[in-house]
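Bear in mind the structure is a predicted one, so any value in this text is a computation, not a measurement. Chain A is the first sequence line, chain B the second, and so forth, proteins listed ahead of strands; every chain is numbered from 1.
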Amino acid sequence: MPRFTAPLLAPPSSEGELRARAATIAGRTLGEIASGLGLTVPSSLVRAKGWVGQLVERALGASSASRDCPDFAELGIELKTVPVDGRGRPVESTFVCTIPLRELCEVPWEQSRVRRKLDRVLWVPVQGEHGVAIAERRIGTALLWRPDEEQEALLRFDWEELSGTIGRGGIESLTAHLGRHLQVRPKAAHSRVRRRAMDAEGELSQTMPRGFYLRATFTAEILRRHYALPG
DNA sequence: GATTGATCATAC
DNA sequence: GTATGATCAATC
């Protein structure tokens, strides 16, 4: 029996419309949203790690499978769902973008993928506690954010240090321990995936694909300020 | 309990 | 295979 699947929602035509749509899903459960879209809720996220993000994309009318442009391309807004605990604090880091391992040294911060991705973000908190069934998890109030001067300076500092190391061929020396707010971690389907990179001797080498991630502490501060959550 | 390194699904 | 969406699970 074919299951009803709702047609794709057209992208919001304005920031106001996007805010309004976000307000309509706030407080609702993932099960309710999925049901409205004709989608089945997975019993676990082990084999559906991106499911929550994709559900909210559809619910808000994000342009799907957009390559190298924001989720809401016309509005220049990126969508990020963030799993939070009972106190509203993020329980996971947030993936920002993959790292172009060979061209990084030539790009200034202003033109970096990190800055472009984070220029304007609609954060959608979603209950992420493991004790709560996926379908019962509730969506929170969205926050349309742009880094303030201080936040941008913090991100820029980390980015310049990390990308500088990569530009000098030091990718293999980078671990997730580095970076106060922004960190570099593997980003691949599995550990055998390899990407061309430059090593410290200037020779072409093979390494694992990496991505930039925001530490949960940084995202927590964004949410804390906006929602006046306990520090 | 928090963090790091590894991993999973899907579209193209 | 590359790019999107992230969370898992071993380890600190």
Side-chain angles (χ1 to χ4, degrees), chain A residues 5 8 11 25 30 33-34 37 39-73 77-103 113-114 116-118 121-135 137 139-140 142 158 162 171-197 206-221 231:
Chain A
T5 301
L8 289 176
I25 63 170
L30 297 179
I33 301 300
L37 294 171
L39 300 173
T40 304
V41 181
S43 53
S44 159
L45 296 181
V46 172
R47 297 192 174 279
K49 295 184 180 179
W51 186 82
V52 176
Q54 286 154 4
L55 178 76
V56 175
E57 276 185 354
R58 292 189 61 160
L60 297 179
S63 22
S64 60
S66 50
R67 285 202 303 260
D68 199 37
C69 62
D71 295 294
F72 302 102
I77 295 172
E78 181 74 17
L79 173 65
K80 288 289 181 196
T81 57
V82 53
V84 296
D85 65 17
R87 301 180 325 206
R89 299 178 66 92
V91 300
E92 284 288 350
S93 56
T94 299
F95 172 69
V96 179
C97 60
T98 52
I99 303 178
L101 293 173
R102 287 185 294 170
E103 62 182 65
R113 294 161 66 136
V114 172
R116 277 187 286 141
K117 273 282 181 188
L118 299 180
V121 178
L122 183 73
W123 295 100
V124 178
V126 177
Q127 228 181 336
E129 293 140 298
H130 287 162
V132 181
I134 315 284
R137 297 183 185 177
I139 296 172
D158 285 344
L162 296 168
I171 183 63
E172 299 299 353
S173 72
L174 287 185
T175 76
H177 295 278
L178 296 164
R180 182 90 170 73
H181 307 285
L182 194 66
Q183 61 181 173
V184 171
R185 303 224 306 276
K187 166 65 173 173
H190 49 76
S191 56
R192 284 105 58 203
V193 178
R194 285 294 180 272
R195 195 61 49 87
R196 295 161 84 91
Q206 298 282 327
T207 191
M208 172 171 285
R210 315 296 167 92
F212 281 116
Y213 293 77
L214 292 177
R215 291 185 180 278
T217 47
F218 186 83
T219 318
E221 177 63 12

In whole angstroms, how far is the [atom2] atom of [N] from the [atom1] atom of [X]?
X: A:Y213; N: B:dG5; atom1: OH; atom2: C1'; result: 9 Å
X: A:M208; N: B:dC8; atom1: CE; atom2: P; result: 12 Å
X: A:L182; N: B:dT4; atom1: CG; atom2: C1'; result: 15 Å
X: A:D71; N: B:dA11; atom1: CG; atom2: P; result: 16 Å
X: A:H190; N: B:dC8; atom1: NE2; atom2: C1'; result: 11 Å
X: A:F95; N: B:dA9; atom1: CZ; atom2: C1'; result: 15 Å
X: A:K49; N: C:dA9; atom1: NZ; atom2: P; result: 7 Å
X: A:I171; N: B:dG5; atom1: CD1; atom2: P; result: 11 Å

Taking the side chain of [X] as its heavy atoms from C-beta onward, which of [options] lies nearest to it?
X: A:Q183; options: B:dT4, C:dT2, B:dT7; answer: B:dT4
X: A:E92; options: B:dT7, C:dA9, C:dT4; answer: C:dA9
X: A:Q54; options: C:dG5, C:dT2, B:dG5; answer: C:dG5
X: A:V46; options: B:dA6, B:dG5, C:dA9; answer: C:dA9
X: A:T81; options: B:dA9, B:dG5, C:dA6; answer: C:dA6

Sub-3.5 Å donor-acceptor pair from the side chain of [X] to the main-chain atoms of [Y], do we have one?
X: A:K80; Y: A:F95; result: yes
X: A:S63; Y: A:D71; result: yes
X: A:R58; Y: A:G53; result: no
X: A:Y213; Y: A:P186; result: yes

Most 5' of A:H177 and A:R137 on DNA chain C, judged by nearest nucleotide: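 Taking each residue's closest nucleotide, the earlier one in sequence belongs to A:R137.
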[N], OP1 or OP2 - any side-chain N/O from [X] closer than 4.0 Å?
X: A:H130; N: C:dC8; result: yes
X: A:R192; N: B:dA6; result: no
X: A:R194; N: C:dT2; result: no

By nearest heavy atom, map A:T217 and A:A189 onto DNA chain B; which one lands nearer the 5' end? A:T217
Checking A:E92 against A:K49 for the salt bridge (charged side-chain N to carboxylate O under 4.0 Å, His left out) test, could you report, in this order, the C-alpha distance in whole Å, the side-chain angles of both residues, the deciding distance, and whether it holds? CA-CA 12 Å; A:E92 284 288 350; A:K49 295 184 180 179; over 6 Å; no
Is the closest side-chain donor-acceptor distance between A:R185 and A:T175 under 3.5 Å?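 No, no side-chain donor-acceptor pair sits under 3.5 Å.
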No-H, no-angle donor-acceptor pair, A:K187 side chain to C:dG5 base, under 3.5 Å: yes
Mind checking if [X] touches a base, just sugar-phosphate, or nothing, with heavy atoms under 4.0 Å?
X: A:A188; result: base
X: A:P83; result: sugar-phosphate
X: A:R58; result: nothing
X: A:G50; result: base
X: A:R47; result: sugar-phosphate

